[in-house]
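For reference, the structure is listed below as structure tokens.
Protein chains get the first letters and strands the later ones, always in sequence-line order, with residue 1 at the start of each. Since the structure is predicted, the reported quantities are computational estimates derived from the model, not experimental observations.
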Amino acid sequence: MIEEKIKNLDLEDLLYEVELPLSHVLMKMEQRGIRLDVDFLKTISVDLTQRAKELEKECHELAGMEFNLSSPKQLQHILFEKLELPTSVSRKTKTGFSTDQSVLERLAPLHLLPNRILEHRELNKLLGTYVNALPELVNPDTGRVHTSYLQTVAATGRLASANPNLQNIPIRTERGAEIRKAFIPEDGHSLVSIDYSQIELRMMAHLSGDEALIEAFQQGEDIHISTAAKIFNVKPEEVTKEQRSGVKQVNYGVLFGMREFGLSQRMGISIQEAREFIEGYFGAFPGVKRYIDHLLEDSRKTGMVKTVLGRRRPLPELQSSNRNLVQSGERMAIASAVQGSAADLIKLAMLKLDADIDREQLPYSMLLQVHDELIFEVPEGEEEDSISWIKQRMESAMTLKVPIVADAGYGKNWLEAH
DNA sequence: GCATGATGC
DNA sequence: AGCATCATGC
């Protein structure tokens, strides 16, 4: 029996106190939806389509022939055979040489074509996945888009969002970020966005109990600067931008179980330098090293990894005789413990927020969850009050060994609120 | 249906 | 380098 199995795996609290009640909260969020400014997207679409056409023409001229810019196979032929650009910067895929972003960036100094392809890919992605696709998904009855939240597809316990996926709306590039302006509040309302600050690193500090990392968070300073100061044994004000940026990548690399090779690829440094970076990190934060060693040992024995709320992820890879499979399983174990525990935290916050909004009969609507961020719709004039009310609950959803901090903003669209 | 490459956290 | 979804080519 399934109930018997849940009881035996000690998953009763997670199911009955978290996931099932959460399903009701998610249903309300899906039904409420979020308003979309379709006219605004139509305007963007015209501009982007025009520019994409120009780029297509230019690419054909640069290549000396017509080809499908969206076909990696055809592009591979143009770049590496027709134009004879070096394949040395490209890794091998099953079908030949890769033409992904990192490869095109490395080819850019040698020829104009790679840059134009990069821009064209960005525009095509924006048009196909967001600008042209989102208006099709507006419900004519509500004038809003209604995503579906999936509770059972992510191995870590994170939520997923589909049809449309509102958890991967662009923000990084200027053109992409424009799309967020199309997500708007109901008349007389504002959008409020509150996101956890560096929640996964804080979770690592909590899980590992590393004294130096905990101390760094308790100081409330820029975590990447304080870790850089610790690793390089200098004062925080002496940390260079380059040092901070390197340490930031290592900080996040630790969460994903990075190894020398991965870090060297990512940072564009030698494997030897990457090894020194990682040794420096674990030297400065020995508690993190001990935690990871213990987690991996424990996961290997039990064949699974658990989050703070006891959510389980089976990892049979750890018991494989294939070294690559084991190493991949080890990265999954580390990532799952951290990511899954952060997912546990925001789920508790969502339950508390929903219950208190109901109990106090507040006019706040929870609209979206984006892993470490919640977006609400609140009446105009109540932005500041709602922010402190929500922030307080998000920051106290669990008690960790480090402070939990959430940053907030509000505005007349999602970009402004972020 | 798989491979590739884009987007997000 | 971990976790996802979506579009496109073939």
Side-chain angles (χ1 to χ4, degrees), chain A residues 67-77 90-105 117-134 136-137 147-173 175-177 179-180 195-201 203-204 249-267 274 278 305 307 313 315 327-343 346 368-374 414 418:
Chain A
F67 69 104
N68 185 342
L69 274 65
S70 299
S71 165
K73 196 178 161 216
Q74 292 183 32
L75 180 62
Q76 193 187 116
H77 172 78
S90 175
R91 70 194 159 77
K92 273 280 205 177
T93 67
K94 287 179 182 175
T95 54
F97 291 103
S98 168
T99 65
D100 71 9
Q101 184 172 342
S102 70
V103 172
L104 295 183
E105 279 167 358
I117 296 282
L118 282 169
E119 192 183 346
H120 186 266
R121 275 194 186 153
E122 184 199 353
L123 298 189
N124 250 13
K125 177 67 180 175
L126 296 180
L127 282 167
T129 308
Y130 308 105
V131 179
N132 293 338
L134 285 171
E136 308 272 316
L137 293 168
T147 186
S148 296
Y149 285 107
L150 314 176
Q151 282 176 280
T152 56
V153 301
T156 51
R158 271 189 174 187
L159 294 179
S161 156
N163 300 305
N165 181 357
L166 296 184
Q167 291 182 322
N168 73 344
I169 301 301
I171 183 119
R172 227 183 58 257
T173 69
R175 275 189 185 122
I179 293 168
R180 292 197 172 215
D195 66 291
Y196 283 117
S197 163
Q198 293 156 337
I199 192 58
E200 292 181 341
L201 280 173
M203 193 55 79
M204 175 56 92
Q249 297 200 49
V250 177
N251 265 333
Y252 281 98
V254 169
L255 304 178
F256 303 140
M258 62 168 181
R259 307 187 83 91
E260 294 86 353
F261 178 76
L263 185 70
S264 68
Q265 292 291 301
R266 195 101 179 170
M267 289 182 69
I278 293 171
V305 64
T307 66
R313 176 178 189 175
L315 285 170
Q327 291 194 352
S328 161
E330 290 178 348
R331 291 195 293 272
M332 291 186 230
I334 299 164
S336 294
V338 179
Q339 236 176 62
S341 297
I346 195 166
L368 303 176
Q369 189 253 41
V370 191
H371 307 304
D372 65 353
E373 173 188 16
L374 294 174
W414 191 359
H418 202 276

### Query
Has the side chain of A/Arg158 got a donor or acceptor that lies under 3.5 Å from a partner of the other kind on the base of C/dA4?
no
### Covered region of DNA chain B, 5' end to 3' end, by chain A [heavy atoms, under 4.0 Å]
B/dA3 to B/dC9
### Task
Identify whether any heavy atom of A/Ser336 sits under 4.0 Å from a base atom; if not, whether one sits that close to sugar-phosphate; answer base, sugar-phosphate or nothing.
nothing
### Query
Touch check for A/Asn165, heavy atoms < 4.0 angstrom, all strands: base, sugar-phosphate only, or nothing?
sugar-phosphate
### Task
Find the distance A/Met204:CE to C/dC3:P and express it as a whole number of Å.
15 Å
Considering only distance and modelled atom types, tabulate donor-acceptor pairs under 3.5 Å from the side chains of residues 252-267 of chain A, sequence neighbours left out.
| unit_1 | atom_1 | unit_2 | atom_2 | d |
| --- | --- | --- | --- | --- |
| A/Ser264 | OG | A/Glu260 | O | 3.4 |
| A/Ser264 | OG | A/Phe261 | O | 2.6 |

### Gap separating the CZ atom of A/Arg121 from the CG atom of A/Leu75, nearest 0.5 angstrom
6.0 Å
### Partner residues of A/Arg331 under the side chain to side chain donor-acceptor pair (under 3.5 Å) criterion, sequence neighbours left out
none
### Task
Could you walk me through whether A/Thr93 and A/Ser98 pass the side chain to side chain donor-acceptor pair (under 3.5 Å) test, one step at a time?
CA-CA 6 Å; A/Thr93 67; A/Ser98 168; over 6 Å; no
### Task
For A/Ile334, report the nucleic acid contact type (base, sugar-phosphate, nothing); a contact means any heavy atom under 4.0 Å.
nothing
#### Entry: From CE (A/Met203) to CG (A/Asp372), nearest 0.5 Å
11.5 Å
### Summary
Taken to the nearest whole Å, CG/A/Leu127 to C1'/C/dT8 is 14 Å
### Task
May I ask you to verify if any side-chain N or O of A/Arg331 is less than 4.0 angstrom from the OP1 or OP2 atom of C/dG2?
yes
### Query
Any idea which heavy atoms bring A/Gly157 and A/Ala343 closest together, and the distance?
O-CB, 3.7 Å
## Note on the structure
Here the residues of residues 149-156 of chain A within 4.0 Å heavy-atom distance, strictly under, of DNA chain C are A/Leu150, A/Val153, A/Ala154, A/Ala155, A/Thr156
### Task
Would you mind classifying the nucleic acid contact of A/Ile169 as base, sugar-phosphate or nothing, using non-hydrogen atoms under 4.0 angstrom?
sugar-phosphate
### Query
Counting any heavy atom closer than 4.0 Å, what does A/Gln74 reach on the DNA or RNA strands: base, sugar-phosphate only, or nothing?
sugar-phosphate
### Query
Residues in ring-ring contact (aromatic ring centres under 6.0 Å, His included) with A/Tyr149, at least two apart?
none
#### Entry: Shortest side-chain distance from A/Ala133, nucleotide among C/dA7, C/dA1, C/dT5
C/dA7
### Summary
note: A/Phe67, atom CZ; C/dT8, atom C1'; distance rounded to Å ~ 15 Å
### Message
Categorize A/Arg172 for me: base, sugar-phosphate, or nothing, with a 4.0 angstrom heavy-atom threshold over every strand shown.
### Response
sugar-phosphate
### Task
For A/His77, enumerate each residue passing the side chain to side chain donor-acceptor pair (under 3.5 Å) test, keeping only those at least two apart in sequence or located in another chain.
A/Glu81
### Query
For A/Arg180, which residues count as a side chain to side chain donor-acceptor pair (under 3.5 Å) partner, sequence neighbours excluded?
none
### Query
Base, sugar-phosphate alone, or nothing: which one does A/Asn68 contact when heavy atoms must sit under 4.0 Å apart?
sugar-phosphate
#### Entry: Separation of C/dC3 C1' from A/Leu315 CG (nearest whole Å)
13 Å
### Query
What nucleic acid atoms does A/Arg121 come within less than 4.0 Å of, heavy atoms only: base, sugar-phosphate, or nothing?
sugar-phosphate
## Note on the structure
Hits for salt bridge (Lys or Arg N to Asp or Glu O under 4.0 Å) against A/Glu373, two or more places apart or cross-chain, chain-then-number order -> none
### Message
Need one value for A/Met258: base, sugar-phosphate or nothing, where a base atom within 4.0 Å counts as base even if backbone is also close, heavy atoms only.
### Response
base
### Task
Quick one: label A/Gln249 by what it contacts on the DNA or RNA (base, sugar-phosphate, nothing), any heavy atom closer than 4.0 Å.
base
## Note on the structure
A/Glu136 atom CD is separated from C/dC6 atom C1', nearest whole Å, by 15 Å
### Task
Scan A/Arg91 against the nucleic acid and name what it touches under 4.0 Å (heavy atoms): base, sugar-phosphate only, or nothing.
sugar-phosphate
### Message
Can you measure A/Glu260 atom CD to C/dA1 atom P for me and round it to whole angstrom units?
### Response
12 Å
### Task
Using only side-chain N and O atoms of A/Asn163, determine if any of them is under 4.0 Å from OP1 or OP2 of C/dC6.
yes
### Task
Pick base, sugar-phosphate or nothing for A/Gly128, based on heavy-atom distances below 4.0 Å to the nucleic acid.
sugar-phosphate
## Note on the structure
The complete set of salt bridge (Lys or Arg N to Asp or Glu O under 4.0 Å) pairs with one or both residues in residues 94-103 of chain A, sequence neighbours excluded, reads A/Arg91-A/Asp100
### Task
Could you check how far CD of A/Gln339 sits from C1' of C/dA4, rounded to whole Å?
9 Å
## Note on the structure
note: A/Lys125, atom NZ; C/dC6, atom P; distance rounded to Å ~ 9 Å
